[in-house]
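For ligands, and for the atoms within them, numbers begin at 1 and follow the listed sequence.
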Amino acid sequence: MTEKKQFRAIKGTRDILPPDSSLWNWFEQTAREVFESYRFHEIRLPIFEQTDLFARSVGAETDIVSKEMFTFRLAEGFQGSAKDGEQGVPQAGEQVSLRPEATASTMRAYIEHNMQALPGNVKLYSVGPMFRRERPQKGRYRQFYQLNVEVLGQSDAPAIDAELLEMLLVFLKRVGLTRTTLYINSIGDKNCRPQYVELLRAELRKVKNSLGPDSQRRIETNPLRVLDSKLPHEQEIIAKLPRISDHLCAECRAHFAKLKNELKLRGIAYEENWRLVRGLDYYTRTTFEVTAEGLGSQNAVCGGGRYDGLVELLGGPPTKGIGFAIGSDRAILSIEESGNLPVLPGLDVFVAWMGEPTYPAAVAIARKLRDAGLSVELPGEEMKFKKSLNLADKLGARYALVMGSDEVASGTFTLKRLADAEQQKLSEYDLLEYLESEKRGTRG
Ligand code: HAM
């Protein structure tokens, strides 16, 4: 006999059950509607890619790539589909990783499908799970979900940055996330950042012994990341470090100033945060984050920024780009904590039928109501009316359609509103008419 074994979801992963899943669907559907109103289109991407794609774009030294990826090898015997002379096709033995984020894959797809030939800016969004081996806690999972948005093209006009932020805030407001703060920064570009990083490194070396081991290591690997530190005793030291805003080149300073004007034009409130450097290497100039209430330490619901040159770094044509990703798990958690939940469609009609001769008519009316867009539950076995109504109540049905031999004989239906037990007798035509218009009304 095989041993009885219970299975559990793997640490850091979780099931999203009903009714939460309805909230998730509504959240993602709202995103689609808002994004499409700004002419974004969906791109569906693979869940895993060559590890090197993430190493090159996100950065080999970042926490995400150096510590957090789920990586495995393509089995020996894996057939790459490279044609003669074709480069970059994954081959047997090569390392691949579950995607820790979606920007790298979007860039790969943009290059692979020559999307620079498309008219205007290429505006893409994707929805789906990401994987990072982080220590799980509230709002932090190993499989989590993002709404990822990217704009690619030839222009780096600050208006593009501002419109993207406008769309982000329109979406957050639409889903009821209003108690949020938008932080912005400019981290310079390849002309001014290297000098700043060297200056920062030199200053950090002077205070090295007062810093914790992570920051000490980062002085050499990535000094900007020291600014991200949350360690209480490092805060005072960091506050005295040179700020990038004082070391931007003229172009970056002008870009940032224009961005702020564009935000004012749109009535968008923001706070500048000179320490906002982000944990991914591809950013240049604009960076931003949105925090929300009710989330404890994992309170960033969105992060993003500009990444001009990333497409080129991955072997594509010179391209400007900017994007963001919303962490859906955290955003939904914050909506739930605020108690500001939407009214989502539930079960409209429970068909309470009794008596075998009634059954065919019950099947037929259930089909018609469903065709009319209503959600209908039809029990597969006969139940006493009392039991049916009880179940209808527990399932949260708005109406019970009571069908016994009397109703079938007279060609009418008894419709009972469960909230107040009000009943009416209706012909089939009137029933459909009534429920359809009533449903339209509840949809607002
Ligand atoms: P990111 O800041 O690494 O940026 O992630 C964006 C958001 O994903 C975070 O603000 C957070 O809400 C959510 N998130 C990240 N890690 C976890 C986790 N372990 N559990 C739950 N939620 C998490 C990016 O991923 C960039 N690719 C964004 C971007 C797009 N930049 C330009 N285009």
Check each heavy atom of [X] against ligand 1 and say whether those closer than 4.0 Å belong to the side chain, the backbone, both or neither.
X	value
Arg140	both
Tyr282	side chain
Cys302	backbone
Glu289	neither

Problem - Candidate pair Leu53 and Glu49, rule side-chain contact (heavy atoms from CB on, under 4.5 Å), full reasoning - result: CA-CA 7 Å; Leu53 171 67; Glu49 302 265 6; 3.7 Å; yes
Within the 4.0 Å heavy-atom shell around [X], which atoms of ligand 1 are there?
X	answer
Asn148	30 (C)
Gly303	10 (O), 28 (C), 29 (C)
Gly304	31 (N)
Glu134	16 (N), 17 (C), 18 (C), 19 (N)
Gly139	20 (N), 21 (C), 22 (N)
Val301	10 (O), 12 (O)
Leu280	3 (O), 4 (O)
Tyr283	26 (C), 28 (C), 29 (C), 31 (N), 32 (C)

Exercise for the section: Under the side-chain hydrogen bond (donor to acceptor under 3.5 Å, both in side chains) rule, collect the residues that match up with Thr71, sequence neighbours excluded. Expected result: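 For Thr71 the side-chain hydrogen bond (donor to acceptor under 3.5 Å, both in side chains) partners, ignoring immediate neighbours, are Ser97.
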Could you tell me if [X] sits above the aromatic ring of [Y], with its cationic atom closer than 6.0 Å to the ring centre and no more than 45 degrees from the axis?
X	Y	result
Arg14	Tyr141	yes
Lys260	Phe256	yes
Arg133	Phe70	yes

Side chain or backbone, does [X] bring an N or O within less than 3.5 Å of an N or O on ligand 1?
X	answer
Asp329	no
Tyr307	no
Tyr141	yes

Is the number of heavy atoms from other residues, nucleotides or ligands under 6.0 Å of [X] [atom1] greater than 12?
X	atom1	value
Arg179	CZ	no
Arg39	CZ	yes
Lys138	NZ	yes

Would you name the heavy atoms of [X] and [Y] that are closest together and state the gap between them?
X	Y	value
Tyr434	Arg417	OH-NH1, 4.0 Å
Leu231	Gly212	CD1-CA, 4.5 Å
Gln137	Ser297	NE2-OG, 3.1 Å

Which residue and atom name correspond to the protein heavy atom nearest [atom], and how close is it?
atom	answer
atom 9 (C) of ligand 1	Ala300 O, 4.0 Å
atom 13 (C) of ligand 1	Gly327 CA, 3.6 Å
atom 4 (O) of ligand 1	Arg278 NH2, 2.9 Å
atom 7 (C) of ligand 1	Ala325 O, 3.6 Å
atom 30 (C) of ligand 1	Thr103 OG1, 3.0 Å
atom 27 (N) of ligand 1	Glu101 OE1, 2.6 Å
atom 8 (O) of ligand 1	Gln146 NE2, 3.1 Å
atom 23 (C) of ligand 1	Phe144 CD1, 3.3 Å

Exercise for the section: Report yes or no: does Gln298 have a heavy atom closer than 4.0 Å to ligand 1? Expected result: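 Per 4.0 Å heavy-atom rule, Gln298 does not contact ligand 1.
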Problem - Options Met130, Arg132, Glu150, ranked by nearest heavy atom to atom 24 (C) of ligand 1, top entry - result: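 It is Arg132 that holds the nearest heavy atom.
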Problem - Between Phe48 and Phe72, ring centroids under 6.0 Å - result: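 Yes, the ring centres sit under 6.0 Å apart.
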Problem - Centroid-centroid under 6.0 Å between Tyr125 and Phe35 rings - result: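 Ring centres of Phe35 and Tyr125 closer than 6.0 Å.
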Practice task
Drop me the distance from Arg243's CZ to Ile238's CD1, to the nearest 0.5 angstrom.
Solution key: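 Answer rounded to 0.5 Å: 11.0 Å.
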Practice task
Assign the ring pair Tyr307 / Tyr282 to parallel, tilted or perpendicular, where the plane angle (0 to 90°) is split at 30° and 60°.
Solution key: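 Rings of Tyr307 and Tyr282: perpendicular, over 60°.
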